[in-house]
Each structure stands twice: as structure tokens, then as C-alpha cells.
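Data block below; observations after.
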Amino acid sequence: MSLDLPISDSDASPEWTRCLVACVGTLALGALLLFAFLIAVDPYDSGKFGLLGIAGVNDRNTHTSVASFARDANFDSAVIGNSTALMLDPVGLSRATGLRFVQLAVTGASPPEEFAVLDSFLRHHPRVGALVFVTDPSWCAHDSAEPWKAFPYWLYDNSSLAYAGRLFSWPAIEHAFQRLSIGLGLRRRMDPTGSFNPDDVWPAGEFYEINRPKDPPPAATMAGRDSFPELSQLDEVIKKLPDNVAVVLTVPPTHATTVAQPGTVAAAEREACNAALSRLVAGRPHSNFINYRIDNAVTRDRANFVDFIHYRPNVAARMSEGIAASIKLGNAAKIDF
Amino acid sequence: MLFNDYPFLLVFLPAAILIYRLVDPYPQLRILTLVLLSFAFYAYGNPPFILLLVLSILINWLAALAFARTKMAAIITAAIVADLAVLAIFKYSNFIADNLGLVLGRSLPHFDIVLPLGISFFTFHHIMYLVDLRRGKAPLYPLDRYALYISFFPQAIAGPLVRWSEVMEQFGRKVYSPGWQREFYVGLAFIATGLFEKIFLGDRLAGIIDPVYAQAAGGPVTNGDAWLALSFNIQILYDFAGYSDIAIGLGLLFGIRLPFNFNAPFRSTDIQDFWQRWHITLMKFLREYLFFPLVNKRMVPRRWLPVQYFGAMILTMALCGLWHGASWTFVLWGTLHGIALVICALWRRYCPRLPSLLGWALTVIFALLTGVIFRAGSLGAAFNIYQGLAVPPDLAQGRHLLPVVIIVLMAFVLPASQDVIARLTRRPRPWLAALIGFGLLAILVSLGEGNVTGFAYFRF
């Protein structure tokens, strides 16, 4: 079967030149204008660009909104973690400690993403008051976690070029219009502390039998049981912090049925990880390690949880008391949980 | 390097156009420049394989040169056998080992082999030229022209399969001569169309049906989603037709007119018609270089010639299946299509002509059903899909199903992309050109999200 190309006769009409100019011109000019718009608005409030002076974001996706919160100079302290840290109220922590806390929890995050957020926060804050880490089981893995492909590392990176290279996308355009509407007063910016209305995230009510803790597989050997690559990396970060920076490491509570029974391999693994976490802040002023993953009346009550790993605000408030006490008194703090 | 990714669209392509524009006034540099650009394109993803491509070009060209001087047909035969052997090593080693293991009753070791991009396609290009050289139909070409025939970047990785006679004389032509603006504009229209087919139709369908095939690989599909899996053939149509249209458009930017690969195959009214509209250049290759030699070779007594003819038809299609991948499911898929072609040929000879609509429905149903075997990866997974068809589709997911319905209807109703482009570019319309420019901008923005997926035929 033979087919003829539609351009079998060469046609040198100047009209075709106009067509080519219209096609390439629309593409080039459109790209230029769009890019200029995105640079001017800075869709994610990264601070790398932005000529219009718009403050904050209106973005419920923590993967992107935290980039704005993490660079806000109004804060000096941060909560780092994933959805298991989301209920910790930064305003309450600020009130209890006298510091200025921002909530930097990123849903679904593992240590690589949390390190990216931490790095961004530290880069934007030469003076840090306190860092609170909510270390879910992924921190206790004996192998390094793979970076999450869906996470926008480029947004937390220091490189303006990497950021600029990602601006040319539909989500960035959508975010740019959100920011523009904040600038025009048509939309309110989100609370810059990063705190959520708990009812917006997890409405009060029943317990869902989902989200069991993803405890990492046990070490293949006894020698490997004390090897935690993510905690080694965290250790390096903590050691570089000035002594006056308070560091509180917490293990978030899970429903009591998921707490390892004493004498089991799982319990031994958990103990090893707790010991490693404890060592990271041993001897550091105003710092402490708190293990909230215990079997007690609080964790046995399903009313205190949304599911197996997500606790409700009343539990978060009790955790906050322990965190605030630790920032004041270090490991001498009395933890009532 | 993928045609649907920024490194190609924003860096390589503009640079290649600029470089070629600069060398266009110098005839002696045109072919060499395109060869070097093609090598750079090929080397981008996996640099070591450029050695394989260069060696392959050199050895086959030397074989052609030796044949031209000595007229010893054995040289061509040896070169073709070597080409097929290299293809077999890279593509079929593990398949052969698995089947040999089954025969011997013990498992043989697997080889960790990466398939070099485009090896199936450049092997066939070598074969087309060498066979025609031996037949006395093709002349001997200089090395640079032959190298460009094999490596020309728009079609080196996944076609269209181009016969040497279709492009050799086009290489080295002055591109920027009066009228180039129209060719360039039509080229951009093809690229925009191809990217649209790939990103907004093919990839969109893939996102919906891939989870269904993943489910089928693990067990039965009992929720009615098996019906979605039937649209795989439409997905691969838009994936591969999209690739082919981009290749044709790129060819035009460098003054080369490549042949079309698809002609609205889902408007076919019988299976023969389908195979004259689907992957047209592969079917031309198989007809010319496999089917006709098999049919024309005197192998059986005269009264058995129809058996030889139909046997060759089935064998050609079975090998067509095997070419797509080293698996018995591909062979089964090809064989089923071969049998269908035989039935179609016999029907045409002995039975009344079917109403067009009935012929169309039978063709489409057959193509979509056999497409499941092609995609499923195993007979078990394919049967899980077929069993799942007993459950009616969940129409409550109306919004979820709508893209599938629209894209499938587009394949059934719309004419071939080249016909659409021909109609749209019959006379200059600057407003339409601006719209195409805007479409290209929208495509570039879509690619900015970073979820770029490779073309299906890169695996074949």
C-alpha cells in the first residue's frame, strides 16, 4: 500500500512562512510568557523567585506546602515527621516552650523526604531553637530507604535551576493561580504554622482497621540488629547542630495491639532501635528521647486513634506536654503518658 | 533519549536543527552531520551500545563492498546470518535457554542481557539492503550514506522500517531550499500529533489498564475491570502510531520523508485489511523478505501449493509474533492472526461477502481479544482476563470509564493522522498554525510533571 505525503509539491508561498512563524512564535512566546509568570509568582513560595511579594500558600498537599512553611523566618523550631506527626499542634508547643514552632510533617514521608525538609529548614534558619522528630518505624530499617519518586525533592533543594526546571507543569500553573488569588485578596493563605484543623484531617468518630505499623524486617544477623543507616545519618546532622539547639526524638504511639510483646524478635528489634535513638541525644542539653509506642490505657483505647498508627488530638496534647517538658528539662523531664 | 522528554525536545532537537541549518549550505557535510547527530542520539541512553551500532554498520557495509567486488552470494548470506545471530543472542538467549531446559529436564542458567535499543529495527534494515543487493536491485552506497540509512535518529530505534530505496536518495539533499517552510510546518504538525497520541491517548489508557493486567497476573479479575483490558490494542496503537508520527515529523525537519506506519487500522472491515493498515512498514518487510520467498520456493508438489501458501502465511505471522518478544504468548498471538488471515483469504475465495459493519465488528473483536494474549505476558494472566469478561463492566464508574470510551471511539471513527494533517495543511492557515503551536506548548507543560513513559516498541 502506498501513501503520498501531503506535501508532495513544494510550495514556496509566503503564507507558509507566516504559518511557520505563527506556530513557532506561539510556542516560543507562550513558553516565555508562561515562564515569566511562573517566575514572578513563585508557585510554591519557595523563596527562590517571586517578584510580586505574595506571602504564603493555599495548598493542602503537605508535599508542596511544607516548602513554604520550612523557609518562614517567623519560626525557629520545627516538628519533623510524616502523618504520624501531623496532630502535634505547633501553636501549643510554642506556647509551652516560648519558642516559635512550625509543623513540617509530610504525609507518607520516609527518612529521605524528612531529611530533605530538615535540610531546607536548617538552610533557612541560621538560629534554631528546637527540633522535634517523630520517628515512625521507617527510621528503624536496617537498610537505607529508597527516595520516594513522587516526592518533590527539587522543591527542597538549594538549586534555583532545579526548581526553575520543574515550574513548567500543570500543577505549578495551578499553584501559581492559587498564589495569585492570595495576592489579589481572593483567597486566604493557609496557617503559616502548618497546623491543621484535626477535624479536617480525620473527622472524629470511629476507629478504622487500617494502617498497621510497617515495622521493617528484622536484621539478618545479631550484629546487624544495631545497624540503622537512617539514624546514623540523623546522628551526623544532630552533631553538627550547636549545643543550644534542643532535640527531642519521639516514637509515635500506635494502638496497643501493634506493640511488640516482650520476649519476641519484634520487641528486641524495637528495643535496639529505641536504644539507638536514645544514644543520639544522650548528654545533649535540653534534649530527650521519648518512646510513646507502649502498651498502656491510652494506647489500648480505640477512641484515642483514627486507625492503628494515627492518634487523635487528645493523645497529641499529652505527647506535646512531654516534648515541652523535655525541651525545658532534657532527659530529667517527667513524661506522663 | 525519548522523543517525549525534555532532553530531546528542548536540547537535542533544537541543537540538531541549528547545527543542520549551519551545515546545509555545504553538501559534503550534510550526511556526515546527520550521522554524528544520530550517533549522539543513540549513545545518550547507553553509550556502550553505540559500539555495537557502529560495528554493525561497518561489518555489513564491508560485506556489501566485498560482495560488490566478488559477487560471492555467500558473503551476503554470512552477513545476514551474523546479523540474526547477534539479534538472537541479545533478544532470545534466555528464551532459548528456558526451552532447551524444558527439553533437557533441567533449568539452564539465565543471562543478564540488556537489549540494545533498536536492534530489531537496524537488523531488519541491514537485511533489506543486503538481500536487495544480492538480488541486484540495490547499488553499493558510500559508507556515510549507508551509516545514515541504518542510524538516522528519527527512525533508528523503533522504525518506521524504511526500505533503502525510499530514503537513500533523499539523504544529503538541501533542506533549506524554497518551500522548506511548509515541510517544516507539516513536520511540526506531525510531531504535535504524535506527542498528543502518545501522551493524551496512549499513556492515558495505559494508566487505566495497566493495573488490570497487574491484577490478572496475580489472579482472577472479578470486578468487571477485565473489559478495560480489551482496550490494550488501542493503547498500543496510539503509543506506536504516536511514535511513528513523531518520527515522520522529525524526518521532515531534516528533509527526509519517511513512510507511514498506520492507516486507521480499527476501521478495517476484515483482518487482511487490518494488517495492511497496522504497522505497515513491518508487514511490507515481512511480505517482501519472508512470506514471498517462502511462497515462491518450490517445496511441495503443485497440488499442495495452497497448503504451502497458507502455511507460509501462518509461519510469517508466528515469526512476526516472535519478533515482538521472546515468549510463546507472542508466538501464539502471531499464529492466531496467521490462522485468521488464512480463514479470511478462504472466505473471500469461497463465501459471500460479509456486510461491512459485520466484518468490521468481527475484525475489531478478534484484534482486541487477541491483544490480551499479546499484553498479558502469560496464558494464565490472559485467561484471567477472559474469565473476567463474564462479569459485566461496572458502569457505576462512569467518570472513570469515560476516557476509555472516548479514546476507543476515536480509534474506531477518526481517519489516519496523516489524512487529518493532510486536510489541515492543504492550504496555509496561520490561525491553525498558532493553535498547533499552542498545542505543542500544552504538551511541553504536560511533560513538565516528569511522568514520562517510554514507547512500547522500544522493547521489541
Side-chain angles (χ1 to χ4, degrees), chain A residues 1-39 43-44 61 63-64 147-155 161-177, chain B residues 6 10 166 177-190 192 248 251-252 257-263 273 275-277 280 283-284 416 418-451:
Chain A
M1 178 176 181
S2 72
L3 292 160
D4 292 322
L5 272 167
I7 48 170
S8 52
D9 303 317
S10 69
D11 187 337
S13 155
E15 281 292 302
W16 289 112
T17 309
R18 271 195 279 280
C19 279
L20 188 58
V21 169
C23 180
V24 177
T26 305
L27 172 62
L29 194 68
L32 204 67
L33 287 174
L34 180 61
F35 201 64
F37 167 68
L38 292 166
I39 292 288
Y44 300 100
N61 182 352
H63 291 196
T64 42
W148 190 13
K149 279 184 183 170
F151 185 74
Y153 288 98
W154 47 269
L155 191 47
L161 197 63
Y163 179 66
R166 295 295 189 141
L167 288 186
F168 217 60
S169 70
W170 294 119
I173 293 170
E174 188 186 335
H175 280 85
F177 277 104
Chain B
Y6 279 175
L10 300 184
E166 291 175 288
S177 53
W180 71 269
Q181 294 90 341
R182 188 183 181 204
E183 292 226 357
F184 218 86
Y185 169 53
V186 175
L188 289 177
F190 266 104
I248 289 164
L252 288 173
R257 296 176 182 189
L258 297 172
F260 299 129
N261 234 357
F262 291 87
N263 184 20
D273 188 20
W275 279 109
Q276 284 165 356
R277 292 160 170 262
I280 296 165
M283 295 319 291
K284 275 169 79 173
Q418 59 269 19
D419 294 336
V420 175
I421 293 169
R423 185 174 284 251
L424 294 178
T425 57
R426 191 165 291 155
R427 57 190 176 83
R429 295 186 185 93
W431 64 267
L432 184 66
L435 202 64
I436 292 172
F438 190 76
L440 277 168
L441 178 61
I443 288 165
L444 285 180
V445 171
S446 296
L447 293 175
E449 289 167 50
N451 44 2

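All heavy atoms count here, side chains included; hydrogens, waters and symmetry mates do not. It should be emphasised that the depicted structure is a prediction, and the values quoted were computed from it without experimental measurement. Within every chain, numbering begins at 1; the chains are lettered A, B, ... in the order of the sequence lines, protein sequences first and strands thereafter.
- B:F438 contributes atom CZ, which lies 12.0 Å from atom CG of A:L29 (distance to the nearest 0.5 angstrom).
- Heavy atoms of A:L34 lying under 4.5 Å from chain B belong exclusively to its side chain.
- Both the backbone and the side chain of B:L440 come within contact range of chain A, each with at least one heavy atom under 4.5 Å from a heavy atom of that chain.
- Here the shortest heavy-atom pairing between B:G437 and A:T26 reads C-CG2, 4.1 Å.
- Heavy atoms of A:L167 lying under 4.5 Å from chain B are absent altogether.
- In this structure, the portions of B:A442 lying under 4.5 Å from any heavy atom of chain A include both its backbone and its side chain.
- B:A433 and A:A22 get closest at one heavy-atom pair: CB-CB, 4.0 Å.
- Between A:G165 and B:Y6 the shortest heavy-atom distance is O-CE1, 4.4 Å.
- What you find for A:L20 and B:F184 is that their closest heavy atoms are CD1-CD2, 3.8 Å.
- One distance of note links CD of B:Q181 with CH2 of A:W16; it measures 11.0 Å at 0.5 Å rounding.
- Looking at B:L432, neither its backbone nor its side chain comes within 4.5 Å of chain A, counting heavy atoms on both sides.
- Between B:S446 and A:W170, the shortest heavy-atom contact is OG-NE1, 2.7 Å.
- Among B:L441, B:I443, B:I436, the one residue that satisfies the side chain to side chain contact (heavy atoms under 4.5 Å, CB included) test with A:L27 is B:L441.
- Closest approach of B:R429 and A:C19 over heavy atoms only: N-SG, 3.3 Å.
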